[in-house]
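We name chains A, B, ... by the order of the sequence lines, and we start the count at 1 in each one. What you are looking at is a predicted structure, and each value in this text was computed from that prediction instead of being measured.
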Amino acid sequence: MRRIVFVSTAVIVGWVVGAAAFMLIPYSAYGVATSTSNGPWSTSEAVGAAGADVLTRAIVSRTGLFALSNEETLYFRALQDSDGARFDGACRYRVIGDAPQARWWSVTIYGPDNYLIETPENRYSIGSNDGDGTIDFAIARDAEGLRLPVTDGPFSLTLRLYNPAAAVYENVATTPLPAIIREACS
Amino acid sequence: MKRLMLWLSIAALVTVPAFFVTAWLMPHVIMLVVVAQLRPLAGVNQLYHAPPPTHESFAVVMPSPDLAYSICIFDLADGPVQVIADFPEGAYWSISAYASNTDNFFVANDQTSNAPPARFVFGTKADGDDVIVPPSRRGVILLRHHLADRDAIALIDERRKNSICEPLDT
């Protein structure tokens, strides 16, 4: 009897620790499951795909359920600016670069819970309809011109490229993507 | 001390498989939870036209505010299911289907499909050559239409209300 208790408690504790270790992976661990970085952006070619490994599928199901496979859309996610500093809603950022080579694109801002952020303007994204072949907008609580509003605290950005050009697929790590420059913090 | 080391060794041996089993189960559990949340809105083998996502949209993480979503929870228990996607022409739309483990096993868009209304049938291999065969009996089908301007939803609604998700034999 003592032996059964001895083994079963070890198994139960081990199982709980293993399950908890997975459950406690922070959303930021998305980076673990990504395979390609491009400046501040990272993406996984396995997102949504049947060939995705167990860990990628599990993390994507938590952070990007119902993502399209990369044959249709490439998702680039950024958790930090171009200098590697984590995003902070108390700062003002400028997102600048050439428009990605895709049928259409958009940059969406999400809160730390991966849902859209409530702001007075309730503007959640900026996309190809807002530009003229280039990307140039601010992420800030207040700013002149084209702006994605933000609130205090951490946030993330997702750049979606719908039907990207073949050149993007061939050079995911080097295809031109917008830089994210931190300009000032309050 | 020896007993403690043995106990810790057994626990450590179990930890690794527990980690990966949890990771394997996670997509299935999340799919079940999301489908349960959507069910009052979408029903099974019925299409639900969701309003454009806002900060009050919590059904699915990281919704795209640039898309109008229509959702169908499919179940092939009673045979094939057909989807007819009807949207205004001239803008991006797509149909994508997800298995019970969240894999996106099928996607087509306005450039790879017939002009709307475009028809798609999901079933088994026995249902014909043109049928899309999901890897699981149940899953979710999403219709997406690009929302270039959030005011465009009225125009999209006018067309997408003609879209259908239903058992083929109805």
Side-chain angles (χ1 to χ4, degrees), chain A residues 6-7 9-23 25 27 47-52 54-55 57-69 71-73 75 77 103-104 106 108 110-111 113-119 122-125 127-129 156 158 160 162-163, chain B residues 3 6-31 34 53-67 69 71 91-92 94 96 98-99 101-109 111-112 135 140 142 144 146 148-150:
Chain A
F6 178 83
V7 172
T9 53
V11 168
I12 290 168
V13 169
W15 195 270
V16 169
V17 169
F22 175 78
M23 298 299 288
I25 291 178
Y27 286 125
V47 167
V54 169
L55 200 56
R57 181 183 290 120
I59 292 175
V60 169
S61 71
R62 289 171 67 191
T63 59
L65 184 65
F66 299 143
L68 290 160
S69 66
E71 294 160 15
E72 183 70 10
T73 304
Y75 298 85
R77 195 168 193 216
R103 188 170 165 204
W104 65 283
S106 73
T108 306
Y110 295 99
D113 57 0
N114 288 321
Y115 292 102
L116 299 170
I117 298 174
E118 181 178 10
T119 61
N122 286 335
R123 174 163 202 164
Y124 314 109
S125 67
S128 32
N129 288 55
S156 68
T158 295
R160 292 176 168 88
Y162 289 86
N163 301 158
Chain B
R3 279 181 64 81
L6 180 63
W7 190 91
L8 286 173
S9 300
I10 295 170
L13 273 176
V14 174
T15 297
V16 175
F19 180 92
F20 284 100
V21 168
T22 306
W24 181 84
L25 279 174
M26 174 70 71
H28 295 271
V29 172
I30 286 179
M31 192 65 140
V34 169
T54 70
H55 59 273
E56 294 175 329
S57 305
F58 295 108
V60 178
V61 292
M62 299 183 75
S64 170
D66 306 297
L67 293 166
Y69 293 91
I71 303 158
Y92 173 91
S94 68
S96 50
Y98 300 84
N101 69 348
T102 74
D103 279 353
N104 175 205
F105 66 86
F106 173 78
V107 63
N109 62 43
Q111 293 186 334
T112 60
V140 171
L142 289 185
R144 294 169 160 93
H146 183 205
D149 171 347
R150 289 179 81 81

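Only the backbone of B:S57 comes within contact range of chain A, with heavy atoms under 4.5 Å apart. A:I117 touches chain B through its backbone: at least one of N, CA, C or O sits under 4.5 Å from a heavy atom, while the side chain does not. Only the side chain of A:W104 comes within contact range of chain B, with heavy atoms under 4.5 Å apart. For B:L67, the part lying under 4.5 angstrom from a heavy atom of chain A is the side chain only. In this structure, chain A has heavy atoms under 4.5 Å from both the backbone and the side chain of B:L6. Within the 4.5 angstrom heavy-atom criterion, no atom of B:V29 approaches chain A. If you measure heavy-atom distances from B:P135 to chain A, you find no contacts under 4.5 Å at all.
With respect to chain A, the highest number of heavy-atom pairs below 4.5 Å among B:V107, B:D149, B:T54 belongs to B:T54. Listed options B:L8, B:V140, B:N109 were ranked by heavy-atom pairs under 4.5 angstrom with chain A; first place goes to B:N109. Considering only heavy-atom pairs separated by less than 4.5 Å from chain A, the leading option among B:H28, B:M31, B:R150, B:R144 is B:R144.
In plain terms, the two heavy atoms of A:S61 and B:M26 that are nearest each other are OG-CG, 3.7 Å. Contact between B:N104 and A:A67 at its shortest, heavy atoms only, is CB-O, 3.8 Å. Contact record, A:Y124 with B:P65: CB-CG, 3.6 Å, taken as the closest heavy-atom pair. Of all heavy-atom pairs between B:N101 and A:R57, the closest is O-CD, 3.2 Å. The nearest pair of heavy atoms linking B:M62 to A:R160 is O-NH2, 3.0 Å.
Partners of A:V13 by side-chain contact (heavy atoms from CB on, under 4.5 Å), not counting sequence neighbours, listed by chain and number: A:V17, B:W7.
Formation of a donor-acceptor pair under 3.5 Å by the A:Y110 side chain with backbone atoms of B:P63 is found in this model.
Between A:N122 atom CG and B:H55 atom NE2 the span is 4.5 Å, to the nearest 0.5 Å. A distance of 8.0 Å separates OG1 of A:T9 from CD1 of B:I10, quoted to the nearest 0.5 Å.
No cation-pi contact links A:R103 to B:Y92, judged by a cut-off of 6.0 Å to the six-membered ring centre and 45° from its axis.
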Check: residues 11-25 of chain B side-chain donor-acceptor pairs under 3.5 Å, at least two apart:
from: B:T15; atom 1: OG1; to: A:G14; atom 2: O; distance (Å): 3.3
from: B:T15; atom 1: OG1; to: B:A11; atom 2: O; distance (Å): 2.8
from: B:T22; atom 1: OG1; to: B:A18; atom 2: O; distance (Å): 2.7

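Between B:E56 and A:Y115, every side-chain heavy-atom pair lies at or beyond the 4.5 Å cut-off. Counting heavy atoms from C-beta outward, A:F66 and B:V34 have side chains that approach closer than 4.5 Å. With contacts defined as side-chain heavy-atom distances shorter than 4.5 Å, the pair B:S64/A:Y162 qualifies.
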- prompt: What's the verdict on side-chain contact (heavy atoms from CB on, under 4.5 Å) for B:F58 and A:L116, showing C-alpha distance, side-chain angles and the deciding distance?
  reply: CA-CA 9 Å; B:F58 295 108; A:L116 299 170; over 6 Å; no

task: Just do the side-chain contact (heavy atoms from CB on, under 4.5 Å) check on A:E72 and B:S94 with the steps written out, would you?
output: CA-CA 9 Å; A:E72 183 70 10; B:S94 68; 4.0 Å; yes

